[in-house]
Amino acid sequence: MKKYALILAAGKGTRMKTELPKCAFPILKKPMIEYIVENLEKTSIDETVVIVGHKKEVLMDLLGDRVTYAYQEEQLGTGHAILSALPVLENKKGITFILPGDMPLMEYPLMDKILRAHQEMGNDLTIVSMKMEYPKGYGRIVRDEYGEVLGIVEENDCNETQKLIKEVNSSVYVVDNELLCHYAKKIERNVRKGEYYLTDIVALMHQERKVNTFIVRDPRVTMGINDLYGIGVAEKYLRDAINKGHMLSGVSIINPETVTIGHNVIIEEGVWIYPNSTLMGNTVIKHHATIGPNSEIVDSVIEPYAEIKHSIVSNSKVGSYTTVGPFAHLRDGAIIGEHNRIGNFVEVKKSTTGNDTKAAHLSYIGDATLGDRVNFGCGAITVNYDGVNKHQTVVGHDVFIGCNVNLIAPIKVEDNVFIAAGSTVTEDIPKGALAIARNKQINKEDYAKNLIQAKEKVNK
Ligand code: UD1
Ligand code: CA
């Protein structure tokens, strides 16, 4: 039997108060709809149809040709959305798995379980419901005294007794496709809101067809996101789930509520993560590295036993046993070797360092290649930008760069060089040389005394 998935994603998401259409809004940097489509791709579904409308280009750009589209020009409600999908679904045999585009937390094993249950029970329509302590905002599942489902009543249309019902509609359904097409056309406009409610299909079907519910145990995974607070709740759920996964695989996370880890981050056993740290993108943290506190790592590789404290590392690589921070910034292809020390207030951009190299305080290293055992003194910098172009600095092995040295690029410093503190170096330095590029000091003897006498004369 052919299985279709139908995602309702045409709505405006007015309650979000954001520019982006709701179903494209990201949670942990991933658009909501992406979660749903990704999970569906892992189920037994044959074809996914997404109903788009409001700002449809945004969703279509995100999903490309991974799905089929139906277009709902005017958003007249969830029932009306189904009618707009008829050109794609009509006259097709099979079952249709309906999902709202604002429910990103359901994962594929549960999706498959729901599809199986529908078939095993021989239902024509399965409504996925959940029990909520605070059901506000959800449609209530109304049953008769025998427990048979009679219909779904939206919050606005509930009487006082119905408002107390804790079993609510998740907006996920499995339904025989031909029956869906047939009954969707019978849905009438809701008088109060002027919309066509898909939920009304239940009342239409229950007398003539087999209608049942599938009750989801954890209502968090079927929560609908309607506003930015909902985004926050979903993000917290995901953060906990991701952190738990890492902790169970041997990663120590201190104060995990303050640690955010993206979906694609790989963390090996024995890693420690301290509070207020964020790890995003295609980041890999190798075994026994330490991250944080207060650090942000994006699209970077941190090798074993490296330590990053109070620092930002993006698009970079940190070698094993290297320490970074506090307050360092590695970016745009900083490739740091092993046993380095990148210390306080040091920025490294698009540069490579060898092993055992140090820039411990207040340095800028940009567009540079440093060899092994280089000591980049406090306050020393590469002067890589002439106002128009960026230039390269190349430093060999065993080079000692004194404090406050300016290396005016392009420049090449050979192995075993010493550069005197305070030098502004403009010429290449040959192997083994000591470079001093600063004015010779002049001591004017007795000058201080003269100055005081001169002052006294003026004051008389
Ligand atoms: C809906 C259900 C409610 C359920 C809740 C679960 C209806 C009438 N109500 O309410 O019973 O408890 O979900 O979260 O179905 N959409 C369209 N076209 C439209 C209107 C909406 O595609 O014309 C899409 C939206 O983009 C959204 C989804 O349908 O992804 C649900 O719409 P929403 O307005 O969020 O419905 P709720 O009020 O949450
Ligand atoms: Ca909703």
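Both counts, for ligands and for their atoms, begin at 1 and track the order of listing. The chain is numbered in sequence order, starting from 1. As the structure is a computational prediction, the values presented were derived from the model and not from experiment.
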Judged on heavy-atom distance to atom 27 (C) of ligand 1, which of Ile152, Leu8, Ile82 sits nearest?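 Closest candidate by heavy-atom distance is Leu8.
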Ligand 1 to [X] polar contact by distance, N or O atoms, under 3.5 Å:
X      : value
Thr78  : yes
Ala81  : no
Gly101 : yes
Cys23  : no
Tyr173 : no
Leu198 : no
Lys22  : yes

Met223 to ligand 1, any heavy atom closer than 4.0 Å: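 No.
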Would you please determine whether Val168 falls within less than 4.0 Å of ligand 1 on a heavy-atom basis? no
Between [Y] and [X], is there a salt bridge with N-O shorter than 4.0 Å?
X      : Y      : value
Glu34  : Arg66  : yes
Glu90  : Lys185 : yes
Lys42  : Glu38  : no
Arg189 : Glu195 : no
Glu257 : Lys236 : no
Glu178 : Lys93  : yes

Does atom CD (Glu19) have a neighbourhood of more than 12 heavy atoms from anything else shown, all under 6.0 Å?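 Not buried by this count: 12 neighbours or fewer within 6.0 Å.
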Other residues, nucleotides and ligands only: do more than 12 of their heavy atoms fall within 6.0 Å of NZ on Lys131?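 Result for NZ/Lys131: open.
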Numbering the atoms of ligand 1 from 1, which are under 4.0 Å from a heavy atom of [X]?
X      : answer
Arg15  : 33 (P), 34 (O), 35 (O), 37 (P), 38 (O), 39 (O)
Gly139 : 3 (C), 4 (C), 11 (O), 12 (O)
Leu76  : 23 (O)
Gln72  : 17 (C), 18 (N), 19 (C), 22 (O), 23 (O)

Should the ring pair Tyr321 and His339 be called parallel, tilted or perpendicular, given that the plane angle runs from 0 to 90° and is split at 30 and 60? parallel
What is the ring orientation for Phe327 with Phe345, classed by angle as parallel under 30°, tilted 30 to 60°, or perpendicular over 60°? parallel
Which bit of [X] is near ligand 1, meaning a heavy atom under 4.0 Å away: side chain, backbone, both or neither?
X      : value
Asn226 : side chain
Ile51  : neither
Ser170 : backbone
Glu195 : neither
Met132 : neither
Glu154 : side chain

Val168 and Pro135 have their tightest heavy-atom pair at CG1-CB, 3.5 Å
Closer than 3.5 angstrom, by distance alone: can the side chain of Arg140 be matched with the main-chain N or O of Lys163 as a donor-acceptor pair? yes
Between the side chain of Thr290 and the main-chain N/O of Trp272, is any donor-acceptor distance below 3.5 Å?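 Looks like no, no N/O pair under 3.5 Å.
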Could you identify the single nearest non-hydrogen protein atom to [atom] and state the distance to 0.1 Å?
atom                    : result
atom 4 (C) of ligand 1  : Asn169 O, 3.2 Å
atom 22 (O) of ligand 1 : Ala10 N, 2.9 Å
atom 26 (O) of ligand 1 : Gly11 N, 2.9 Å
atom 35 (O) of ligand 1 : Asp102 OD2, 3.0 Å
atom 13 (O) of ligand 1 : Ser171 OG, 3.3 Å
atom 23 (O) of ligand 1 : Gly77 N, 2.8 Å

Cation-pi geometry met for Lys56 and Tyr71 (6.0 Å, 45°):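 Yes, a cation-pi geometry holds between Lys56 and Tyr71.
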When you measure from the Ca ion (ligand 2) to the N, O or S atoms of Met103, does any of those distances fall below 3.0 Å?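 False for Met103.
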Are any of the side-chain heavy atoms of Leu99 and Leu6 separated by less than 4.5 Å?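 No, too far: nothing below the 4.5 Å cut-off.
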Which single N/O/S atom of Asp102 lies at minimum distance from the Ca ion (ligand 2)? OD2
Using the rule salt bridge (charged side-chain N to carboxylate O under 4.0 Å, His left out), only one of Glu268, Glu303, Glu269 pairs with Lys286; which is it? Glu303
